[in-house]
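Worth knowing before you read on, the calculation uses all heavy atoms, side chains too, and leaves out hydrogens, waters and symmetry mates.
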Amino acid sequence: MKGYDQVKKYMRFVKPYTLYFILGPLLMLTEAAGEMLLPKMMGEMVDNGIGTDGAAGLGVSYIAVHALMMLGLIAVMITGGIGGHYFSIKAAVNSSSDLRKAVFDNIQTFSFKDIDKFSTGSLVTRLTNDITQMMNTTRMLLISAVRAPGVLIGGVIMACTINARLATVLIVMIPLLGIAIFLLLRTAMPRFTVMQSKLDKLNSRTQENITNVRVIKSFVRDKLEIKRFNEASSELRDSTYNAMKIVVCTMPVMTLAMNIATLVTLWRGGNTVVIGGMGVGSLSALIQYITQILGSLMMVSMMLIISSRAAASYKRIMEVLDTEADLNDDNARNKDKRVTEGRVEFRNVSFKYYANREDNVLDDISFTAEPGSILGIVGVTGSGKSSLVQLIPRLYDVCSGEVLVDGVDVRDYSLRHLRDGVGMVLQKNVLFSGSIEENLRWGDETADMDEIRAAARAAQADGFVTSFTDGYDMELGQGGVNVSGGQKQRLCIARALLNHPKILILDDSTSAVDTATEARIRESFRAELKESTKIIIAQRISSVIDADKIIVLSDGRVVGEGTHSELMQSCEEYREIYYSQADKEKEVS
């Protein structure tokens with residue numbers, strides 16, 4: 001039943017190109033029909049035109065007519081072959097392109113939890129290698145799935161019409177080859193699955209190395225990473241060899257069967273020719289049919305083996321396509337609701353990343369951030385700060401309790417409207433290939449240059465951007481590698497500001513910025529975002545010292561809440577963080 005459902009899902013990618021899927025095999029069938037007729041015509045031309053056993057043939061005119069008929073048939077076969085390949089390729093390429101788009105679109109709906117189920121390298125492999133494998137297999141099946149069985153069945157029939165007794169060799173050979181193919185397929189399928197998983201691992205290793213090449217070089221880890229890459233490459237090589245040697249075995253088995261059948265036919269057929277039971281032309285035609293039959297059987301076996309690899313790829317593609325987004329709007333009761341005030345409230349919130357994990361990452365969190373206020377969140381590394389703010393725009397969902405924005409549970413908003421109202425600068429700053437302007441327009445693609453520059457000024461980015469030769473047209477490398485860490489952080493802040501969010505979340509987003517610049521950024525927040533709620537996660541107490549309220553987290557729990565002066569009086573953890581940072585500043589000075 002599950003297999004039927006998966007085939008049904010795949011058929012929606014076939015349906016728009018039904019005509020191509022029909023025309024391709026049909027035209028290939030005309031080529032197969034021609035292959036069935038040519039040996040027969042050739043045999044008749046030899047036996048009747050030239051003659052056998054000393055008897056005179058029908059002469060040149062008979063041969064000429066048959067030759068013209070054969071040329072006409074070959075022309076039809078060429079037309080059918082070209083047309084069959086053309087429509088088969090169009091069907092395979094277009095349906096695979098739609099499949100790739102559907103998989104990519106589904107990945108875009110994934111929550112962080114969904115993405116955690118697949119490695120990045122695995123998703124890339126499924127979008128590229130697996131779908132390409134599906135495309136190539138579809139093309140091959142359209143070309144050969146009708147043609148090869150057609151030649152196989154037609155060849156047996158034509159061979160029997162020439163000499164049924166000699167054709168019995170096929171009745172013995174075909175079942176034996178069928179059993180051999182079945183055994184090969186049963187062995188090959190799981191090996192192809194292992195091979196694709198090893199390809200996932202290699203792609204993940206490659207992506208990680210190329211993305212983090214600067215870190216690798218700075219720590220002089222080149223040799224270690226080369227060793228790890230070679231290990232992954234060797235594993236892929238071994239698994240590929242393990243799978244492909246099954247395919248390699250197919251050709252010798254088929255060739256051996258073909259040669260044995262040909263030898264038996266020549267031996268028995270030669271004796272028949274000698275005693276006058278059949279002509280030389282007929283024997284030649286019979287041998288050609290046997291060659292075609294065994295060749296088509298070889299093609300069928302190759303189709304089945306390649307299809308087994310494609311089946312492994314198809315299964316992996318369906319795993320992604322069948323994954324329903326963990327977070328969606330299905331149960332949202334206020335889909336038209338928009339964030340208008342920016343009030344944030346946590347009510348007894350608990351959260352953990354995995355259901356089978358015993359301890360919560362966050363445990364019984366409750367607090368409120370009023371509209372337009374600044375909320376600071378501090379705590380030691382691993383205390384749950386980032387996990388907490390990721391619950392506001394529903395990057396993850398709470399396990400218990402409620403997160404409310406403007407008095408409405410975030411699960412009752414549509415994801416689009418909720419996230420439109422929440423600007424977030426993640427702990428890991430990400431920029432994309434393209435110009436600075438194009439990156440900033442992620443915040444608002446309709447913004448004019450004045451608005452873009454205003455957001456950049458508020459984030460203290462306009463100064464260094466205009467110092468570049470190309471200014472806002474400067475092309476950024478992948479991930480923004482040609483700007484510094486502090487510049488990258490300020491561009492990410494500007495991008496978020498351009499969205500004019502009612503709630504702005506900064507997850508340790510000024511850690512690479514000097515304190516003077518950070519102070520100017522905070523000041524611009526007060527001036528430019530008076531009505532927006534600002535939630536700032538910081539390692540430095542100085543980053544949140546002027547906040548209207550500060551939350552102190554420890555081991556996923558709120559251990560302190562209040563202003564800086566109140567926490568200095570009431571919260572030991574806060575004092576420890578403050579004095580440890582103050583001592584470090586004294587040492588530096």
Side-chain angles (χ1 to χ4, degrees), residues 19-91 139-164 166-167 170 254-255 258-259 261-262 265-266 269-270 272-273 277-300 302-303:
L19 183 61
Y20 300 154
F21 275 87
I22 293 173
L23 285 177
L26 279 180
L27 289 171
M28 294 308 301
L29 198 57
T30 64
E31 187 181 50
E35 285 191 25
M36 293 300 94
L37 293 174
L38 280 176
K40 180 79 170 176
M41 294 173 70
M42 177 65 75
E44 290 177 351
M45 188 171 66
V46 171
D47 289 342
N48 299 327
I50 299 174
T52 57
D53 295 329
L58 295 176
V60 175
S61 60
Y62 180 88
I63 295 173
V65 170
H66 266 64
L68 289 173
M69 290 173 61
M70 291 174 68
L71 286 173
L73 182 59
I74 290 170
V76 173
M77 290 172 61
I78 291 173
T79 303
I82 292 173
H85 278 81
Y86 174 76
F87 288 113
S88 296
I89 290 170
K90 287 201 72 171
R139 176 181 57 81
M140 189 198 71
L141 288 175
L142 289 174
I143 291 171
S144 303
V146 174
R147 184 181 183 279
V151 171
L152 177 63
I153 296 169
V156 171
I157 294 172
M158 295 299 289
C160 289
T161 61
I162 292 174
N163 192 309
L166 291 178
L170 300 173
M254 294 296 176
T255 303
M258 186 184 300
N259 289 330
T262 303
T265 303
L266 280 171
T272 305
V273 170
M278 67 186 299
V280 173
S282 296
L283 178 59
S284 176
L286 184 61
I287 291 172
Q288 288 187 57
Y289 282 128
I290 291 174
T291 303
Q292 288 178 353
I293 290 166
L294 295 177
S296 64
L297 192 59
M298 185 184 299
M299 180 58 69
V300 169
M302 292 302 297
M303 280 193 303

**OP:** List the steps and the verdict of side-chain contact (heavy atoms from CB on, under 4.5 Å) for Thr79 and Thr30.
**Re:** CA-CA 9 Å; Thr79 303; Thr30 64; over 6 Å; no

Original post:
Considering residues, nucleotides and ligands other than Phe21, do more than 12 of their heavy atoms fall under 6.0 Å from its CZ?
Top reply: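 Yes, because the 6.0 Å sphere around CZ of Phe21 holds more than 12 heavy atoms from other groups.
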
Supply the atom-to-atom distance [X] [atom1] to [Y] [atom2], rounded to the nearest 0.5 angstrom.
| X | Y | atom1 | atom2 | result |
| --- | --- | --- | --- | --- |
| Leu19 | Phe87 | CG | CZ | 6.5 Å |
| Glu31 | Leu29 | CD | CG | 10.0 Å |
| Ile143 | Ile89 | CD1 | CD1 | 6.0 Å |

Ignoring hydrogens, what is the shortest heavy-atom contact between [X] and [Y]? Give both atom names and the distance.
| X | Y | answer |
| --- | --- | --- |
| Gly84 | Leu27 | N-CB, 3.6 Å |
| Pro149 | Ser144 | CD-O, 3.4 Å |
| Leu142 | Met28 | O-CG, 4.2 Å |

Original post:
Hey, which of Leu73, Val65, Leu71 is the one that makes side chain to side chain contact (heavy atoms under 4.5 Å, CB included) with Met69?
Top reply: Val65

**OP:** Could you check if a side-chain atom of Arg139 sits within less than 4.5 angstrom of a side-chain atom of His85, using non-hydrogen atoms only?
**Re:** no

